Amino acid sequence: AQMKFDFDKVVDRHGTKCLKYDFAKERGRSDDMLPLWVADMDFQTAPGIQKSLSDAVAHGIYGYSEGKDDYFQAAAGWYEKHFGWKVEKEWLIKTPGVVFALAMAVKAYTKEGDAVLLQQPVYYPFSEVITDNHRRLINSPLQQIDGHYEINFEEFEQKIVEENVKLFLMCSPHNPVSRVWTREELEKLGDICKKHGVIVVSDEIHADFVFEGKHQVFADLKPEYKDFTVICTSPGKTFNIAGLQASNILIPNEVLRETFAKQITAAGYSQISAPGIEAVI
């Protein structure tokens with residue numbers, strides 16, 4: 001049976017330390033501006049999440065916590081049920097967000113001065129994690145054709161070759177152009193990246209918002225894609241729990257996974273937050 005949720009309830013977020021309402025001035029906007037963010041909805045999260053969190057709060061101890069098998073089963077079950085993707089336990093690395101994971105990937109798979117490719121217009125932190133880490137930002141812009149965006153594959157490959165690109169930060173589904181890439185489009189990109197030895201980090205945080213077409217997990221398209229792919233996922237957008245800082249990064253290739261994990265250790269990071277663990281499950 002389909003659960004019924006109330007999406008008409010208005011919740012006032014003023015005075016709740018909310019970034020988009022309470023920090024408008026600090027962010028160079030007027031206080032009365034209406035924020036229309038993609039990343040942070042004004043719907044309450046699912047009742048089940050609220051209950052898990054309130055139970056955890058009632059316990060009264062908020063020490064270091066970690067997810068056991070129940071955490072993995074919850075995450076893995078979601079990918080299999082919704083996308084037909086079977087993931088293995090060792091692939092999973094938890095991070096406090098996808099942007100953090102993108103930055104770790106840039107540090108793990110490239111060195112200063114290396115070229116990192118993206119497809120603008122894209123979510124602005126993609127650019128920041130490249131330039132702030134002193135890598136060269138290479139843009140293969142999406143082209144607007146008949147009111148929607150397309151990839152120029154020829155130019156994409158040309159940039160990779162000319163600039164000696166090492167890493168491609170992909171947004172799939174794409175934020176903000178709202179494209180759900182087709183299997184054919186993704187395989188074209190994947191084959192080009194495989195041919196030129198480019199590592200692909202696929203930010204799939206909006207996978208649950210697909211209304212037309214079908215979300216394709218990039219690593220699951222062809223067996224060989226597993227070798228050069230990092231898949232970034234999170235319930236943060238789906239359930240409006242970004243503030244709980246829980247993201248699931250899936251890296252099938254052992255060498256890529258260890259290199260990524262090393263950067264996280266170097267950054268001094270260990271576990272995600274205790275409420276984040278409860279919320280994911």
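Not measured: the values here are computed from a predicted model.
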Peer 1: Under 4.0 Å between a Lys/Arg side-chain N and an Asp/Glu carboxylate O for K111 and D114?
Peer 2: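 Salt bridge: yes.
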
Peer 1: Any side-chain heavy atom of V87 within less than 4.5 Å of one from L92?
Peer 2: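 When only atoms from C-beta onward are counted, L92 and V87 do not touch, as no gap falls below 4.5 Å.
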
Peer 1: Restricting to non-hydrogen atoms, name the atom on F228 and the atom on G190 that form the minimum distance, rounded to 0.1 Å.
Peer 2: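 Looking at all heavy atoms of both residues, the shortest contact is CZ-O, 3.6 Å.
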
Peer 1: Would the number of heavy atoms belonging to other residues, nucleotides or ligands and lying under 6.0 Å from CD of E112 be above 12?
Peer 2: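 Above 12, so yes.
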
Peer 1: Do V116 and I138 make a side-chain contact, defined as non-hydrogen atoms from C-beta onward lying under 4.5 Å apart?
Peer 2: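 No, every pair of side-chain atoms sits at 4.5 Å or beyond.
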
Peer 1: Do the side chains of D55 and K51 get close enough for a salt bridge, i.e. N-O under 4.0 angstrom?
Peer 2: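 Salt bridge flag = yes for K51 with D55.
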
Peer 1: Taking the six-membered ring for Trp, are H206 and F209 parallel (under 30°), tilted (30 to 60°) or perpendicular (over 60°)?
Peer 2: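 Rings of H206 and F209: tilted, as their planes differ by 30° to 60°.
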
Peer 1: For side-chain contact (heavy atoms from CB on, under 4.5 Å), just list the numbers for E90 and I93, CA-CA rounded to whole Å, side-chain angles, deciding distance to a tenth of an Å, and then say yes or no.
Peer 2: CA-CA 8 Å; E90 59 270 19; I93 294 181; over 6 Å; no

Peer 1: Check the side chains of D40 and Y21 for a donor-acceptor pair under 3.5 angstrom, ignoring hydrogens and angles.
Peer 2: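 On atom types as modelled, these side chains do not qualify, holding no pair under 3.5 Å.
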
Peer 1: Using distance alone, with no hydrogens and no angle criterion, decide if T259 and Y109 have a side-chain donor and acceptor under 3.5 Å apart.
Peer 2: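 Per modelled atom types, T259 and Y109 side chains form no pair under 3.5 Å.
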
Peer 1: Are K86 and D220 ion-paired here, with the side-chain N under 4.0 Å from a carboxylate O?
Peer 2: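 No salt bridge links K86 with D220.
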
Peer 1: K214 vs F83, test: side-chain contact (heavy atoms from CB on, under 4.5 Å). Steps then yes/no.
Peer 2: CA-CA 9 Å; K214 177 177 182 282; F83 311 113; over 6 Å; no

Peer 1: Under the 3.5 angstrom rule, does the side chain of R136 hit a backbone N or O of L117 as a donor-acceptor pair?
Peer 2: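 The answer is no, because no donor-acceptor pair under 3.5 Å joins these two groups.
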
Peer 1: Should we count CZ of F7 as having more than 12 external heavy atoms under 6.0 Å?
Peer 2: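 Count over threshold, so yes.
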
Peer 1: Is it the case that one hydrophobic cluster holds both Y269 and V201, taking links as side-chain heavy atoms less than 4.5 Å apart, direct or via other members?
Peer 2: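 Yes, one cluster joins them.
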
Peer 1: Could you tell me whether a side-chain N or O of N133 sits under 3.5 Å from a main-chain N or O of R135, the two making a donor and an acceptor?
Peer 2: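 It does not hold such a pair.
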
Peer 1: Using a distance-only test with no angle check, is there a side-chain donor-acceptor pair under 3.5 angstrom linking S202 and E204?
Peer 2: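 There is such a pair (donor and acceptor under 3.5 Å, judged by atom type) between the side chains of S202 and E204.
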
Peer 1: Any chance CD of E184 has more than 12 other-residue heavy atoms, nucleotides or ligands included, within less than 6.0 Å?
Peer 2: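 Not more than 12 within 6.0 Å, no.
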
Peer 1: Would the F5 and F43 ring centres measure less than 6.0 Å apart?
Peer 2: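 Not under 6.0 Å, so no.
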
Peer 1: So I281 and S52, do their side chains get closer than 4.5 Å, heavy atoms only?
Peer 2: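 They are not in side-chain contact.
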
Peer 1: Take atom CZ of R29 as the centre, draw a 6.0 Å sphere, and report whether it contains more than 12 heavy atoms from other residues, nucleotides or ligands.
Peer 2: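 No.
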
Peer 1: Side-chain contact, heavy-atom cut-off 4.5 Å: L189 with I151?
Peer 2: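 In contact.
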
Peer 1: Using a strict cut-off of less than 4.0 Å between a Lys/Arg side-chain nitrogen and an Asp/Glu carboxylate oxygen, indicate whether R13 and D22 qualify as a salt bridge.
Peer 2: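 So R13 does not pair with D22 through a salt bridge.
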
Peer 1: Hey, does L244 have a side-chain heavy atom less than 4.5 Å from the side chain of L53?
Peer 2: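 L53 vs L244: side chains touch.
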
Peer 1: Hydrophobic clustering (ILVMFWY, side-chain heavy atoms < 4.5 Å, transitive) - are L221 and M170 grouped together?
Peer 2: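 Cluster IDs for M170 and L221 match.
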
Peer 1: Determine the minimum heavy-atom distance between S247 and P96, stating which atoms define it.
Peer 2: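 In this case the closest contact between S247 and P96 is OG-C, 4.5 Å.
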
Peer 1: Indicate, with yes or no, if the rings of Y149 and H174 have centres closer together than 6.0 Å.
Peer 2: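 That pair fails the under 6.0 Å test.
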
Peer 1: For Q120 and S127, test the side chains for any donor-to-acceptor distance below 3.5 angstrom and give the result as yes or no.
Peer 2: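 Distance-only check passes for Q120 and S127.
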
Peer 1: At their closest point, which heavy atom of G276 faces which heavy atom of A246, and how far apart are they?
Peer 2: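 Heavy atoms of G276 and A246 come nearest at O-CB, 4.0 Å.
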
Peer 1: K194 vs D227, test: salt bridge (charged side-chain N to carboxylate O under 4.0 Å, His left out). Steps then yes/no.
Peer 2: CA-CA 9 Å; K194 179 178 186 279; D227 281 339; over 6 Å; no

Peer 1: Honestly curious: do Y62 and I241 fall in one hydrophobic cluster under the side-chain, below-4.5 Å linking rule?
Peer 2: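 Not linked; separate clusters.
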
Peer 1: Treating W181 as the side-chain partner and C171 as the backbone partner, does any N or O pair qualify as donor plus acceptor under 3.5 Å?
Peer 2: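 Indeed, once roles are kept as given, a pair shorter than 3.5 Å links the two residues.
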
Peer 1: Do I130 and L169 have side chains that approach each other closer than 4.5 Å (heavy atoms only, starting at C-beta)?
Peer 2: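 Yes, their side chains come closer than 4.5 Å.
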
Peer 1: Is it true that Q245 and S273 share a donor-acceptor pair across their side chains at a distance under 3.5 Å?
Peer 2: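 The criterion, which ignores hydrogens and geometry beyond distance, is not satisfied for Q245 and S273.
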
Peer 1: Taking atom NZ of K107 as the centre, does the number of heavy atoms from other residues, nucleotides or ligands within less than 6.0 Å exceed 12?
Peer 2: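 Result for NZ/K107: open.
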
Peer 1: For the backbone of V255 and the side chain of R257, can you confirm whether one donor and one acceptor N or O come within less than 3.5 Å of each other?
Peer 2: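 Checked: no pair found.
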
Peer 1: Taking the six-membered ring where the residue is Trp, are the ring centres of W78 and F239 under 6.0 Å apart?
Peer 2: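 Yes, close enough.
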
Peer 1: Report the C-alpha distance between H196 and V161 in whole Å, list the side-chain angles of each, state the deciding distance to 0.1 Å, and finish with yes or no for side-chain contact (heavy atoms from CB on, under 4.5 Å).
Peer 2: CA-CA 8 Å; H196 299 290; V161 174; 3.4 Å; yes

Peer 1: Does the pair K20 and D42 meet the rule for a side-chain contact (heavy atoms from CB on, under 4.5 Å), with working shown?
Peer 2: CA-CA 10 Å; K20 67 179 184 175; D42 291 330; 3.2 Å; yes

Peer 1: On the ring face of F23, is K17 found with NZ or CZ under 6.0 Å from the centre and within 45° of the axis?
Peer 2: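 K17 over F23 ring: no.
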
Peer 1: Salt bridge check: are E258 and K262 linked by an N-O gap of less than 4.0 Å?
Peer 2: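 Judged by the 4.0 Å cut-off on N to carboxylate O distance, E258 and K262 do not form a salt bridge.
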
Peer 1: Hey, what do you get for CH2 (W91) to NZ (K226), rounding to the nearest 0.5 Å?
Peer 2: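 With rounding to 0.5 Å, CH2 (W91) is 5.0 Å from NZ (K226).
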
Peer 1: Please tell me if the side chains of E150 and E185 come closer than 4.5 Å, counting only heavy atoms from C-beta onward.
Peer 2: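 Heavy-atom side-chain distance check passes, below 4.5 Å.
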
Peer 1: Give a yes or no on whether the backbone of G268 and the side-chain of S270 come within a donor-acceptor separation of less than 3.5 Å.
Peer 2: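 Such a contact is absent between S270 side chain and G268 backbone.
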
